[in-house]
Amino acid sequence: MAVELKQKEIVPWHDFVAGSLGGMAQVTVGQPMDTIKTRLQIEGPNGRFVGPMDCLRKTIRNEGFLGLYKGMASPLVGVAAVNALLFAAYSNLKKIQEPYPGGPLTLTQIGIAGAGAGIVNAALASPVELLKIKMQAQYGAGSTVRFSGPVDCARQLIKEHGIRHGLMRGYWITVIREIPGYAGFYAGFEGMKRYLTPAGENPATYPHGLLTLMASGASGGVSYWFACYPLDMLKSMIQNQNNPPKGPFYIVDAAKQVYRVGGIKPFFRGFSPTIIRAVPAAAATFTTYELVMRALSEV
């Protein structure tokens, strides 16, 4: 007998709470490897690190273990708004595509909803990630660093370059990254969840266990980075520059500059720690989100 894939009605504030807690879980679990990833991305071919393990050793030796959590304050504070906006936009874009209220969606439609949510999300994600990158790029402590924290960083950037070229620097490359990234993110999660759902059951309402949610979340996280990693590398480089990029084609210019110096290889600097990070971080995000939504639906 065919099973009707009817979705549960989503309450907006449930999305906000679950998205916020899911984002906090992601930051807490993934920040150390994210710092390694960012530092490898912004280093040139003759930078101070020869690879992920070298970056890890030098960071801990020179800044202590907490050096791996540099820049954590910005995403941890901003993640409530960022993830709440992301999951709310995703839920609404899914609803728009439903053939009838609560009706089933194809994975292509899931990807379209994810891509649209990524575009909306970029407005908040771009400044939050800019501050995180600026803090992570500071190698050292005390008087050797320029910014004392994300608030000081935001203040200095706005004072020197204004909001558009200071705090919102790299907005368009963030938008371009988020479109394929979140299409892969949500399609990867939903695809794995459907694959792991017992035959004859409804993936939208079946009470999946913890391992299934973690495996589905990990699949979404890995899919995100495979879909957009070179764009993320360009974003980190552009946002870490001392001066704002110039011209309407600054993304193309940055890509040409990277390719001219090292070919294709530099576009994938930091890829291995990113994939290692993606598995537990995305698993924590989706598992927390799904479990919180499940708990709130019973309140």
Side-chain angles (χ1 to χ4, degrees), residues 5-8 10 14-30 33-34 79 82-98 102-122 125 177-198 201-229 232 274-297:
L5 300 180
K6 186 174 176 64
Q7 309 275 346
K8 289 184 178 179
I10 293 178
H14 289 185
D15 245 349
F16 178 84
V17 173
S20 299
L21 293 176
M24 290 178 182
Q26 179 190 46
V27 173
T28 303
V29 172
M33 295 306 289
D34 186 73
V79 77
V82 170
N83 266 49
L85 178 62
L86 176 68
F87 278 96
Y90 172 64
S91 295
N92 281 288
L93 289 168
K94 283 199 301 180
K95 190 179 298 184
I96 290 171
Q97 300 181 83
E98 290 173 353
L105 297 178
T106 65
L107 288 181
T108 298
Q109 291 173 311
I110 292 290
I112 290 172
I119 294 173
V120 175
N121 182 61
R177 180 198 68 174
E178 301 291 56
I179 293 172
Y182 279 111
F185 188 64
Y186 285 109
F189 170 76
E190 187 65 26
M192 181 61 75
K193 189 169 76 168
R194 292 180 184 185
Y195 176 76
L196 295 175
T197 300
E201 296 288 349
N202 182 353
T205 58
Y206 182 77
H208 296 93
L210 188 62
L211 289 179
T212 296
L213 292 176
M214 292 178 69
S216 301
S219 174
V222 171
S223 297
Y224 176 95
W225 289 114
F226 269 100
C228 72
Y229 191 80
D232 184 73
T274 299
I275 296 301
I276 293 171
R277 165 189 177 268
V279 173
T285 302
F286 273 115
T287 301
T288 302
Y289 175 81
E290 290 273 333
L291 292 179
V292 172
M293 288 291 285
R294 192 180 298 176
L296 290 175
S297 68

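Computed from heavy atoms alone, side chains included, the values below leave out hydrogens, waters and symmetry copies.
Contact check for R194 versus I110: side-chain heavy atoms found under the 4.5 Å cut-off. Counting only heavy atoms from C-beta outward, the side chains of L86 and Y186 approach each other to under 4.5 Å.
Of all heavy-atom pairs spanning G181 and Y224, the tightest one is O-CD1, 3.0 Å. Scanning both residues, L93 and A117, for their nearest heavy atoms gives CD1-N, 3.3 Å. When all heavy atoms are compared, the tightest approach of W225 to A278 is CD1-CB, 3.6 Å. Taking every heavy atom of both residues into account, V292 and V17 meet most closely at CG1-CG1, 4.2 Å.
Taken from NE2 in H208 to OG1 in T287, the straight-line distance is 12.0 Å, to the nearest 0.5 Å. Atom CD1 of residue I179 and atom CG of residue N121 lie 12.0 Å apart, to the nearest 0.5 angstrom. One finds the CG atom of L21 at 11.0 Å from the CG atom of L291 (value rounded to the nearest 0.5 Å).
For S219 (side chain) and A215 (main-chain N/O), no donor-acceptor pair under 3.5 Å exists by modelled atom type. A distance-only check finds no donor-acceptor pair linking the side chain of R177 to the backbone of D232 [under 3.5 Å]. Between the side chain of S297 and the backbone N or O of R294 there is at least one donor-acceptor pair closer than 3.5 Å. One N or O on the side chain of Q97 and one on the backbone of Q109 form a donor-acceptor pair closer than 3.5 Å. Checking side-chain atoms of Q26 against main-chain N and O of G22 turns up no donor-acceptor pair under 3.5 Å.
Between F87 and Y90, the ring center distance fails the sub-6.0 Å criterion.
With a 6.0 Å radius and a threshold of 12 heavy atoms from other residues, nucleotides or ligands, L211 has its CG atom at or below the threshold.
Residues satisfying the ring pair (Phe, Tyr, Trp, His ring centres under 6.0 Å) criterion with F189, sequence neighbours excluded, are F286.
S216 pairs with exactly one of E290, E190, M192 by the side-chain contact (heavy atoms from CB on, under 4.5 Å) rule, that one being M192.
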